[in-house]
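Notes for the one structure printed next.
Within every chain, numbering begins at 1; the chains are lettered A, B, ... in the order of the sequence lines, protein sequences first and strands thereafter.
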There are 4 protein chains.
Amino acid sequence: MTKNIQNIFAASLQQTNLSPKQQAVLQSSLDLFSTQGFNATSTKDIAQEAGVAEGTVYQQFKNKNGILQAILDPFIQSVLPQVVQDFTTEVGTRQFDDLEDFLTYIIKNRMLFALENKAQIRIFAQEIFRSDELVNQVKNQLGTLKTGSLAHQLQEFQRQGQLVQWPLPRLLQFVFSTFMSFILPVIITNRDDVSETQVEQWTTEAVTFLLHGLTPQ
Amino acid sequence: MTKNIQNIFAASLQQTNLSPKQQAVLQSSLDLFSTQGFNATSTKDIAQEAGVAEGTVYQQFKNKNGILQAILDPFIQSVLPQVVQDFTTEVGTRQFDDLEDFLTYIIKNRMLFALENKAQIRIFAQEIFRSDELVNQVKNQLGTLKTGSLAHQLQEFQRQGQLVQWPLPRLLQFVFSTFMSFILPVIITNRDDVSETQVEQWTTEAVTFLLHGLTPQ
Amino acid sequence: MTKNIQNIFAASLQQTNLSPKQQAVLQSSLDLFSTQGFNATSTKDIAQEAGVAEGTVYQQFKNKNGILQAILDPFIQSVLPQVVQDFTTEVGTRQFDDLEDFLTYIIKNRMLFALENKAQIRIFAQEIFRSDELVNQVKNQLGTLKTGSLAHQLQEFQRQGQLVQWPLPRLLQFVFSTFMSFILPVIITNRDDVSETQVEQWTTEAVTFLLHGLTPQ
Amino acid sequence: MTKNIQNIFAASLQQTNLSPKQQAVLQSSLDLFSTQGFNATSTKDIAQEAGVAEGTVYQQFKNKNGILQAILDPFIQSVLPQVVQDFTTEVGTRQFDDLEDFLTYIIKNRMLFALENKAQIRIFAQEIFRSDELVNQVKNQLGTLKTGSLAHQLQEFQRQGQLVQWPLPRLLQFVFSTFMSFILPVIITNRDDVSETQVEQWTTEAVTFLLHGLTPQ
DNA sequence: CATGAATGAGCGTTCATTCAT
DNA sequence: AATGAATGAACGCTCATTCAT
């Protein structure tokens, strides 16, 4: 069920044609940006951590911001869509018995995903306050939600009377915020020790609350 | 009802013995830190914005971090307790008809509060990723929740059968995350145009969802 | 014998018309300049140590250098002449049995004097490398040696055959360097624990060596 | 006889792997520190004098103090031992006819050495007042004197009856202070015009005095 | 591709000095 | 006489970026 959960960054690294040194630069940047923040991380830090000369950092990336982009772009191109919208590969090909089944699946799935990609999410969370560009990219992604398979699935549940007849964005808002109420504390405190059992417990709690809140009475 | 909603920063400014120039330094720092972030704001920026010589910035504040503290400390000492715990002044002296009345009151109240103090919240949100100290302070504040009047009020509703018998922290988690799902987008995009009508609309939506989710069925 | 040995600075302080606060400024400056050096001592340091506002420092002294002058001037005007030349008050009015008696007297006397005024000597020693002015003042003082009572006394010993017939400057050079070989380590390490017994021991050793070296064979 | 007299700084410069620019930084620092003092020399001064960007100064040296160390360390590691202790290379392999021969050799030799390395000695003399570390290093060097070949040589002269039976430290103290009485004025006034003839004259005068003072009567 | 010395603008901070009160 | 807020030039130092090798 969760076999496709993976570290999006590690995956995207392998798909590039970057030399091992350049890959090390990206990996070190991810670690350091995530831990110390983008501004507080110097290119010297990155080079040292990657075991590379400082000039090498600029061989593949135009500037420090280019490294940030190389980290966040695949995140925005892949993670965001998968988390909030693109259920074609999984959700689309799977039959859900009911709303509970559906919520349980996507919440657990996305929790594991988020924990796997904690580092990028931390970077993303810090950068979104400073980058209007980033905000717009997210807005655009969210804008496409209305037509994705997630929307179809939810509308199907509404038709079946399993789901309250609120507007789609508001439904997503509540699902997402309930999801985030479990994940954000982990992201902020940078905890590394969340077990799958814990995730399942959280999933149960989240789904219970959402079913309460989103089922027509 | 919302007469005590205020800008916590403006209030704390007046209580200090700071000279007008020093107050200008703080105000400019608040604006700039909030807009550009702490790291991206130079002390030269602050001085210019405050119409003050750069040395003046260091007359009252030991260093740049001291300014940040002067901004965040009253926030943590006053805002946080008021938002999440200290209902003695308002909630404690007020009788609520039912859970709906209660939720409507605190959510609208806190929304207005958050919007008034958007700048500090933005700074806070950015800093919490980098400051373990900040995380701990928040943890401590949250730890005191169990015994505050908010807790008593919720337990009262549980006794009356209006509120599900979930543990207090989880109840608070869902209330808070629902609240944040409306506020965070405003904080992140730094919008300034939220009307009171909008706030009332959001309050209604949040309360509707929470009543659904938290009422025993 | 050593009744007139005193702290030249304390003495000169009392002769000024400075207010108590201004005297405190001078005393604190002496302590701090001596300990940390002139450059490393800020006017803020001085003000704090003196328990005075920073502006007060500039009430009496034109600038920081003015404080240094107020410390070093009496030293150069009084200490230097007394150490190397002006024996009118003591030496001139005293009869010495022989060279040993003479050397014993001036060396012990000057050692006590130097230890009493260690702070100024430390400042002087540090400043002389940077101030050509200071060097010239010392040169001028040394230039007057040829005609002082010290010169007369030494020439008298030469006439009596107790003292080698070397040129006066060279005699003074050897006396002074032997004297300094005991005092300079104390000045440099800023020791405070030199007993009068120790001084007498050093005096004996210095005189023994000088009598060896300066007596015609 | 004096063929190995050299500028210790120039020698140590060549032994490093520093780039020409970095060597220029060190050379300029030596000149400026020596002339103006460490505190009064800014890193901008150094960069300008060396014809280098200011950042370059920090490429090789951690901070301004690091430059000072790079100048003083070889001095303390090489000059001090050679001046006061390590006679293995020269003294150890040479036979001295008598005390006069010995004193003449080391005094002239060390005078030339000191004049060659006047700049570092000036810096050293200024820094020793402010650096306890430096004082300790010197103390340690002096502590090793008791066992060096210099000690052996002097004890040999004592056994032969050419040298008074005073304790070794006191003998060294008098030799050193007599030596310094000629050199220190040059160091302080930063004179550059001392001829070898002058050095030989000084040597003669110093040796004459010391033979007087240190020969048993 | 990789290096690392070199750059110089800009940073946070200090500090001697001034001046209105 | 004394204050202390205000000043702004200068300081030591960092850092993203370039480029010859």
Mind jotting down which residue pairs meet the side-chain hydrogen bond (donor to acceptor under 3.5 Å, both in side chains) criterion with at least one end in residues 118-134 of chain C? Sequence neighbours excluded, please.
C:Lys118-C:Asn190, C:Lys118-C:Asp192
Pairing string, 5' to 3', for DNA chain E - Watson-Crick or wobble contacts under 3.5 Å, brackets [ ] where pairs cross, | to another strand
.||||||||||||||||||||
Can you tell me if D:Glu49 uses its side chain to pair, donor with acceptor, with the backbone of D:Ser28 under 3.5 Å?
no
Readout for nucleotides 4-14 of chain E: B = base within 4.0 Å of protein heavy atom, S = sugar-phosphate only, - = neither; 5' to 3' it is BBBBB--SBBB
Throw together a table of side-chain donor-acceptor distances under 3.5 angstrom for residues 30-41 of chain B, partners on residues two or more places apart or in other chains.
unit_1, atom_1, unit_2, atom_2, d
B:Asp31, OD1, B:Gln27, NE2, 3.3
B:Thr35, OG1, B:Asp31, O, 2.6
B:Gln36, OE1, B:Thr41, OG1, 3.3
B:Thr41, OG1, B:Leu32, O, 3.3
B:Thr41, OG1, B:Gly37, O, 2.8

Keeping B:Gln23 on the side-chain end and B:Leu18 on the backbone end, is there a donor-acceptor pair under 3.5 Å?
yes
Kindly say whether B:Val52 contributes a backbone atom to a donor-acceptor pair with the side chain of B:Thr56 at under 3.5 angstrom?
no
For residues 57-76 of chain D, which residue pairs pass the ring-ring contact (aromatic ring centres under 6.0 Å, His included) check, not counting sequence neighbours?
D:Phe75-D:Phe124
By side-chain contact (heavy atoms from CB on, under 4.5 Å), which residues pair with A:Glu54, not counting sequence neighbours?
A:Thr43, A:Lys44, A:Ala47
Rounding to a whole Å, what distance do you find between C:Leu32:CG and E:dC15:P?
13 Å
For the CD1 atom of D:Ile46 and the CD atom of D:Gln48, what is their distance to the nearest 0.5 Å?
11.0 Å
Could you say whether D:Ala40 or A:Ala40 is positioned toward the 5' end of DNA chain F, judged by the nucleotide with the nearest heavy atom to each?
D:Ala40
What's the CG-P distance between C:Leu68 and E:dA16, to the nearest Å?
13 Å
